[in-house]
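Here's the structure, in structure tokens; my notes come after.
Chain A is the first sequence line, chain B the second, and so forth, proteins listed ahead of strands; every chain is numbered from 1.
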Amino acid sequence: MPYSLREALSAFRRSPLLAFLSVVAIGFSLFVIGLFGLTAWNIGRAIETVEEKVEIVVYLDDATTPSQLELAQQEVRALPGVLDLRHVTKTDALATAMAEMQEFRDVFSDLDNNPLPASLEIRMKPGSRTPDAVKRVAERVRAYPFVEDVRYGREWLDKIYQIRRLAAGAATMIGAAFALVAAIIIATAVRIAVFARREEISIMRLVGATDGFVQRPFLLEGVMTGLMGGALAALLTWGAYRILSANIFQIEMIPGEWMVLVVVVGTVFGFVSSMVAVRRHLEAV
Amino acid sequence: MIKLTSVYKEYARSGAALKDVSFHVQKGELVFVTGHSGAGKSTIMRLLQMAEAPSAGEVRVSGFSSKTIRRREIPLLRRKLGVVFQDFRLLRDRTAEQNVAFALEVTGVKRSAISQRVNRVLTQVGLSHKAQSFPDELSGGERQRVAVARALANEPLVLLADEPTGNLDEWAARGIFDLFREINALGMTVLMATHDLDLVRAHPEYRVIELAQGQVVYDSKAAAPAPSAPPAHAPVSAAAGDGQLAIGIYDPRGA
């Protein structure tokens, strides 16, 4: 076994508690990020589903004449980004309302006049479901004199995006706090390891070992700690997904590449933390 | 091989440790560096290892200059130096053999070459039969032999010994010095800092550089420029009582 690997492993034997704490700290900080990933992924999926359903609903004045309507339908179909268009009559609207809201069925049947307006439901082409494109069509349609109101569900999308931003902010803060703790624990572990091996290090320097060679066992230890921390975070994230899915609501697991990324980030984090610490503490030997 | 030119060394806390020190040691010489504690012997040893840089002047060791050496070149210089200390500096949790092998392992010597070289140097210092002993199981003289073996393992050009006999009884000290003579006879340059004046006086054939308060106050080579000429200054081996001993009696205050 090469010298660096042997020494790195012996550091785990020498202070197992500290090694364990380092792994757990990295694991938890990345778990927070992993949970955010899980949330973000599922919100993203939700947004996609909502976006597929993006429609512009154009409520029509009761006085709209069939010829007006026919002309408007032709014009709207020709607008850029519009996929198709459906005319919902007052009767259709009432039927739908009665079907979807069973408990109000009696109320609807007792009405003398149908209070629901007729409408046009516009669906957008997949590439044109952006807020701007939708808004352009909505504003154009609003210009017809017989249009009472136009709704296009942007408020909803904005709210979802806002929730996602909020979750990202919270995860970054909590993750950073855990990462700081992890960095401090790793630095302490390196400091103790340097102290325990100070005689060895001074002899290594005396006989002409390069700085890189002296540092290598510590860096390797950091990489191993980070790798284990990342793996722990991936495991915890997967566990959280299982528990949430089984008990609260069905969600989707984040893609495999994201899990790999969690482990890679942990490894890089362990490497960088120990590099910073080893540079500082080796100066003192 | 070793050249100090107008070297000054000052420390922020303790002030001047070396003042205008110049000397030149050629390949194959064995040189004693003597003087009281605090005279600057160990400072010179540290400067030669380039563990510290001089405040002024230049230190040159086997092709490296203190003025131009880069941090990453220092390990390369150290591989050309074997260093031995008063306190041995062996790793207590490793056997004699492992202590020597360690120096080779950490400088990237191939595994297959290590055991052969370890055997050779342990035999050279007369300790092949104690290869499996831990430092605590060895006498002071034996420990220093292990340290010498470690210093020799990388086949250095120069052996620097800082008070190598300081912790040893007289017999062990003589043994170690005899080892240095043998090594020197094979062509290696040896620089030995010591305040063991008896040892120095017993070997007048070797050059002596004496320091006092950070300055060179005596250099037997400068005192006797041509080997054939009679020494201008009294040799260190001069019988006690002739009143011309330089070693250890120089007092810059004139007392």
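Residue A/Phe20 places its CZ atom among 12 or fewer non-hydrogen atoms of other residues, nucleotides or ligands, all under 6.0 Å distant. Under a cut-off of 6.0 angstrom, the local environment of CZ in A/Arg242 is sparse, with at most 12 non-hydrogen atoms contributed by other residues, nucleotides or ligands. Environment of CH2 in A/Trp238: sparse, with no more than 12 heavy atoms of neighbouring residues, nucleotides or ligands closer than 6.0 Å. Residue A/Arg191 places its CZ atom among 12 or fewer non-hydrogen atoms of other residues, nucleotides or ligands, all under 6.0 Å distant. By the neighbour-count criterion of 12 heavy atoms within 6.0 Å, atom CZ of A/Phe28 is sparsely surrounded, having that number or fewer from other residues, nucleotides or ligands.
In this structure, the side chains of A/Glu200 and B/Leu91 come closer than 4.5 Å at one or more pairs of heavy atoms. Counting heavy atoms from C-beta on, the side chains of B/Phe85 and A/Leu206 come closer than 4.5 Å. Contact check for A/Arg205 versus B/Arg78: side-chain heavy atoms found under the 4.5 Å cut-off. Within the 4.5 Å cutoff, the side chain of A/Thr210 has heavy atoms near those of the B/Arg79 side chain.
Ranked by non-hydrogen atom pairs under 4.5 Å with chain A, the options B/Leu81, B/Ile74, B/Val83 are led by B/Val83.
Looking at B/Arg92, there are no atoms closer than 4.5 Å to chain A (heavy atoms on both sides), in backbone or side chain. Using a 4.5 Å cut-off between heavy atoms, B/Arg72 does not touch chain A at all. Heavy-atom distances place the backbone of B/Leu90, and not its side chain, under 4.5 Å from chain A.
Shown here are the salt bridge (charged side-chain N to carboxylate O under 4.0 Å, His left out) partners of A/Arg6, two or more places apart in sequence or in another chain: B/Glu105.
Taking both residues in full, the closest heavy atoms of A/Val207 and B/Asn154 are given as O-ND2, 3.8 Å, listed atom of the first, atom of the second, then distance.
How far CZ of B/Arg150 is from CD1 of A/Ile203: 4.5 Å, rounded to the nearest 0.5 Å.
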